[in-house]
Amino acid sequence: MVDLNIESKQFLLRFGKPMEEFRHFSAPGRINIIGEHVDYLGGIVLPAAIDFSVHLWISPNKSDQFNLYSLDFDSLVKIKRPFQSSQIWSDYLIGVIVEIEKEGFHVPGFDAFLTGNIPQGAGLSSSASVEVVTGFAISSLFGFKFSREKIALLGQAAENHFVGTKCGIMDQFIIATGKEDHCISLNTETLEYSYHTFDLKGYEFSLINSNVKHSLKDSDYNQRRLECESALKKIKSANLNISQLYEAKEDDLKLAGLSTAEEKRVRHVIGEKNRTQAVVRGLENGDLTSVGKALFETHWSLSKLFEVSCEETDFIVSELERMGVEGARMIGGGFGGCILVLDKIGNFSQNQEEFQKKYIQKFGYPVDFYQFKISDGVREI
Ligand code: GLA
C-alpha cells in the first residue's frame, strides 16, 4: 500500500550513508469496532490493526544528535538534548525518546527516515503509529527488549506528556499487539486482552473518510476527559463502590448532582458498555444485524451525548442509514475523520457514486472510500 519505491540515494542525500545501513520497521493504523471514548474510563474496547502503515528506517549515528527526516512533509529536523516540543511531526518521535529516558535508559543518537500512507487526522491513529514504530525500533536497535505492551505505554505517555493530548491506551496498544485477521478485546483498566477472529458471513467492514481533519489537541478531546473526571468525582462521593466511570449505573445519575454536560457523557458511557456486550454477542453468533444496529446507536450517542461528531460525519451516517446500510459510525476521537461501515459485500459500492455526488453538493469536496485488511501490529521488515 505504501509506495516503497524509496531509493538509496534519498538516504545518501539526507544522511550521507546508504539505505543498507538502516533497519526498516513498520506499524499499522487501526479501526475500532466498538467501545468509543471509554479507553480512559476503564472500559472495554474492540480495536483491530489495519493495512495502512507508517515505515521507519533507522540507523545509529555515533553522536548525541537525532536527524529525523519525514518524506511526507519533506522536512529534516536535527535535534539534541534538552528536547523541547516543536509542535510538528517530529514531536511523536522525540516524545518517545523522552519517555524511554525517563525510565533510566540512554538513547544514543540516530538517523531516521519516515514515510507512510495512514491519512492524517482521519481517526486511524497515524500519530500513535509513529510513536509505536519509534519505540519498537529504538528498543530493537539498542537492545532494550521492551515488551509490546510496554512500547504501547511509552507511546501513550509521549502523546500525553510531550504532544499534549490526554489520549487513552487503545490506539498504541492495538498498533503494538495487533494480529492479522484478529481484533482484540482490551480491558483498559487492567490491560488484559485476548485475540478474537470473527466470521462476517457475507458482510464486510469498510471506511469512508469525511476529509474533515481533526486535531485532537486543538479539539475538545481533553475537555471531554475533564468532564468525565469531574463526573466520576461526583458519583464517587455518593457511591463509594465505584472506581471507574465505566462502572456507573443509571441509578448513579440520580444521586450525583451532575451538570447537564456531565450527565450526557455518563449516559454515553453506560450505553456504550451495553452496546459493546451486544456487539461481542453478535460477532460470536454471526448476528450481523444486531452488530450494525449497535454501530448506528453508538454513532448517535457519540454525536448527541458525548458531542464529538460534526455535521459532515452525521450527514454521512444519516445517508447510510437511509440507504439501508447495515451499520455505520464515526471512529476514534471524533470531530471529523472516518466512518466505519458494515454492509453486505459489494452492496454499498453500487451506491458510492450517488453518495459522493450528494456529499460534494452539500460540502463542496469529496469523501474517500477505503477498503482494508486486518493486519499485524508493529514489526521489523
Ligand atoms: C482517540 C484516542 C483514543 C481513544 C479514542 C476514542 O483515538 O487516541 O485513546 O480515546 O480517541 O475512543
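One-based numbering, in listed order, for ligands and for the atoms of each. Residues: numbered from 1 along the sequence shown. In this text, all values refer to a predicted model and were calculated from it rather than measured experimentally.
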Check: Is there at least one pair of N or O atoms, one from Asp171 and one from ligand 1, spaced under 3.5 Å apart?
Finding: yes

Do any side-chain atoms of residues 372-381 form donor-acceptor pairs under 3.5 angstrom with protein atoms, and if so which ones, sequence neighbours left out?
from, atom 1, to, atom 2, distance (Å)
Ser375, OG, Ile50, O, 3.3
Asp376, OD1, Glu180, N, 2.8
Glu380, OE1, Arg23, NH2, 2.8
Glu380, OE2, Arg23, NE, 2.9

Checklist line | Test: Lys273 cationic atom under 6.0 Å from Tyr246 six-membered ring centre, within 45° of axis | finding: yes

Note to self: Regarding Arg265 and Glu307, does a basic nitrogen lie under 4.0 Å from an acidic carboxylate oxygen?
What the structure shows: yes

Check: How about Tyr195 and Tyr193: are their ring centroids closer than 6.0 Å?
Finding: yes

Note to self: Out of all atoms in ligand 1, which are within 4.0 Å of some heavy atom of Tyr40? Include the element for each.
What the structure shows: 10 (O)

Notebook entry, point to check: Is Val38 close to ligand 1, meaning an N/O of one under 3.5 Å from an N/O of the other?
Noted result: no

Next item on the list: Dump the intermediate steps for side chain to side chain contact (heavy atoms under 4.5 Å, CB included) on Val132 and Ile151, then the final yes or no.
Entry: CA-CA 6 Å; Val132 170; Ile151 287 165; 4.1 Å; yes

Check: Given Met170, Gln172, Met330, which has its nearest heavy atom closest to atom 5 (C) of ligand 1?
Finding: Met170

Next item on the list: Please say whether Ile169 places an N or O atom under 3.5 Å from an N or O atom belonging to ligand 1.
Entry: no

Next item on the list: Consider every N or O of Arg30 and every N or O of ligand 1, then say whether any pair is closer than 3.5 Å.
Entry: yes

Check: Could you give all pairs that pass the side-chain hydrogen bond (donor to acceptor under 3.5 Å, both in side chains) test and reach residues 350-365, with sequence neighbours left out?
Finding: Glu319-Lys358

Checklist line | Residue Gly168 vicinity, atoms of ligand 1 by number, heavy atom under 4.0 Å | finding: 9 (O)

Note to self: Below the 3.5 angstrom mark, is there an N/O of His37, backbone or side chain, next to an N/O of ligand 1?
What the structure shows: yes

Item checked: Where ligand 1 meets Cys167 - atom numbers and elements under 4.0 angstrom, heavy-atom basis -> 2 (C), 8 (O), 9 (O)

Item checked: Salt-bridge contact Arg224-Glu227 (side-chain N to carboxylate O under 4.0 Å) -> yes

